[in-house]
Amino acid sequence: MDRLQGMRVFVRVAEGGGFAGAARALGMSPASVTRAVAALEVAIGARLFIRTTRSVKLTDAGGRYLEDCRRILSEITEAEAVAAGSTATPTGVLTLTAPVQFGRLYVLPVVTDYLARHATVAVRALFLDRIVNMVEEGIDVGVRIGHLADSGLTAIRVGSVRRVVCAAPDYLERHGVPETPRDLRAHAVIGSSNPGALPEWRFGPEQRMAVTVQPRLTCNTVDAALAAAVDGWGIARLLSYQVAPALAEGRLRLLLEAHEAAPVPIHVVSPEGRRAPAKVRAFVDLAAARLRADPRVNPAAP
């Protein structure tokens, strides 16, 4: 079996989590799939899977090789389309990630529009409140909220959001309104256990003022912290897009606005940049245009 076919079989096994499923999807016998992967391992001189009676898992080398195979196969598909005289058409499965609530509110509408425009593409959307290693986890596109580390990702800035402190009117009537960040020490605070959450809240344009908070209630999801704040339990610090509906309905009030930190940027990121396949470029272009035009995401939008 030729090397490219071996790559296709390998990718199908890796994505499907098993040899039997790959055989069914490819219309091959399980024995043929096993031989194809074994031949590929011999050809490249590395073991790609760890096989047990219950599971099939990628080795470290297999994980790295999987990303290379996906890229190579995608580039071949595009090269064949160009050679045939057609423009590169988005095809295949696009895997993307975004924070849970931002993904549901702002990214999912882009995804459904993208699917309506490109009938030959499927999307796997992973909405997660953690930083994903896009290369290791096979992610094509991500939406990131926050300052980016020097990760080698291609990034397009599409807007910004603010970190805001808020509480329900009922809570403020019972406990008073904090006038300075240090007043938070006398209040019930709702904290976060998400990765990256700090025990101190920083204030001011350059975040020079730090207040150590000791939450009595710590939540691992935005929805839970938001619900607790709306119910009048205490004071929460969330992102402006997360609290916008509750603010508009009067269920929450902003606090300490004069002490807010500088806005937090929003980027659409991709590991491959200009070498990305058509499915990625098409989604990045659409997402960037849609998010930049949304005043809730981009304050500079008309």
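Predicted, not measured: the structure shown is a model, and the values here were computed from it.
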Would you say [X] has more than 12 foreign heavy atoms packed within less than 6.0 Å of its [atom1]?
{"X": "Arg24", "atom1": "CZ", "answer": "no"}
{"X": "Arg104", "atom1": "CZ", "answer": "yes"}
{"X": "Asp60", "atom1": "CG", "answer": "no"}

What's the separation between atom [atom1] in [X] and atom [atom2] in [Y], rounded to the nearest 0.5 Å?
{"X": "Arg8", "Y": "Leu26", "atom1": "CZ", "atom2": "CG", "value": "10.5 Å"}
{"X": "Leu286", "Y": "Arg281", "atom1": "CG", "atom2": "CZ", "value": "14.5 Å"}
{"X": "Asp129", "Y": "Thr221", "atom1": "CG", "atom2": "OG1", "value": "8.0 Å"}
{"X": "Asn220", "Y": "Asp223", "atom1": "CG", "atom2": "CG", "value": "10.5 Å"}
{"X": "Asp68", "Y": "Arg64", "atom1": "CG", "atom2": "CZ", "value": "9.5 Å"}
{"X": "Thr97", "Y": "Arg124", "atom1": "OG1", "atom2": "CZ", "value": "9.5 Å"}

Please tell me if the side chains of [X] and [Y] come closer than 4.5 Å, counting only heavy atoms from C-beta onward.
{"X": "Phe102", "Y": "Val107", "value": "yes"}
{"X": "Leu256", "Y": "Leu184", "value": "yes"}
{"X": "Pro109", "Y": "Arg290", "value": "yes"}
{"X": "Val280", "Y": "Leu94", "value": "yes"}
{"X": "Glu137", "Y": "Leu126", "value": "no"}
{"X": "Arg144", "Y": "Leu153", "value": "yes"}
{"X": "Met28", "Y": "Arg35", "value": "no"}
{"X": "Glu249", "Y": "Val230", "value": "no"}

State yes or no: do [X] and [Y] share one hydrophobic cluster built from I, L, V, M, F, W and Y residues joined by side-chain heavy-atom distances below 4.5 Å, directly or via other members?
{"X": "Val93", "Y": "Ile139", "answer": "no"}
{"X": "Leu96", "Y": "Leu105", "answer": "yes"}
{"X": "Val111", "Y": "Val141", "answer": "yes"}
{"X": "Ile50", "Y": "Val37", "answer": "no"}
{"X": "Val222", "Y": "Trp233", "answer": "no"}

Keeping [X] on the side-chain end and [Y] on the backbone end, is there a donor-acceptor pair under 3.5 Å?
{"X": "Arg292", "Y": "Arg157", "answer": "yes"}
{"X": "Asp285", "Y": "Ala282", "answer": "no"}
{"X": "Thr59", "Y": "Arg47", "answer": "yes"}

Which atom of [X] lies closest to which atom of [Y], heavy atoms considered:
{"X": "Gly191", "Y": "Pro215", "result": "N-CB, 3.5 Å"}
{"X": "Ala287", "Y": "Val268", "result": "CB-CG2, 4.4 Å"}
{"X": "Leu226", "Y": "Gln242", "result": "CD2-O, 3.6 Å"}
{"X": "Leu4", "Y": "Ile72", "result": "CD2-CG2, 4.5 Å"}
{"X": "Leu291", "Y": "Asn298", "result": "O-CB, 3.9 Å"}
{"X": "Ala61", "Y": "Ala46", "result": "CB-CB, 4.3 Å"}

If you apply the rule side-chain contact (heavy atoms from CB on, under 4.5 Å), what do you find for Val11 with Leu66, and how did you get there? CA-CA 6 Å; Val11 170; Leu66 175 61; 3.9 Å; yes
Can you list the residues that meet the side chain to side chain donor-acceptor pair (under 3.5 Å) rule with His259, with sequence neighbours excluded?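 His259 satisfies side chain to side chain donor-acceptor pair (under 3.5 Å) with no other residue.
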Partners meeting side chain to side chain donor-acceptor pair (under 3.5 Å) with Asp231 (sequence neighbours left out):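 Counting only residues at least two positions away or on another chain, Asp231 forms no side chain to side chain donor-acceptor pair (under 3.5 Å).
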Is the ring pair Tyr171/His187 parallel, tilted or perpendicular, if the boundaries are 30 and 60 degrees?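 The arrangement is tilted - the two ring planes meet at 30° to 60°.
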Whether Asp170 and Arg174 form a salt bridge (side-chain N of Lys/Arg under 4.0 Å from carboxylate O of Asp/Glu) is what I want to check.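 Here Arg174 pairs with Asp170 in a salt bridge, since their nearest N and O are under 4.0 Å apart.
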Between Glu173 and Arg253 (salt bridge meaning N to carboxylate O under 4.0 Å), is one present in this structure? no
Can Leu172 and Leu255 be said to form a side-chain contact (heavy atoms from CB on, under 4.5 Å), step by step? CA-CA 10 Å; Leu172 299 174; Leu255 307 172; 3.8 Å; yes
Contacts satisfying ring-ring contact (aromatic ring centres under 6.0 Å, His included) that involve residues 24-69 (not counting sequence neighbours) are Phe10-Phe49, Phe10-Tyr65, Phe19-Phe49
Using the rule given for side-chain contact (heavy atoms from CB on, under 4.5 Å), can you reason through Thr180 versus Met209, listing the C-alpha separation, both sets of side-chain angles and the distance that settles it, and then say yes or no? CA-CA 11 Å; Thr180 72; Met209 180 185 294; over 6 Å; no
Cation-pi check for Phe203 against Arg237: NZ or CZ below 6.0 Å from the six-membered ring centre and within 45 degrees of the axis, yes or no?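 Verdict for Phe203: a cation-pi partner in Arg237.
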Verdict with supporting geometry, Phe283 and Val123, side-chain contact (heavy atoms from CB on, under 4.5 Å): CA-CA 10 Å; Phe283 183 83; Val123 172; 5.8 Å; no
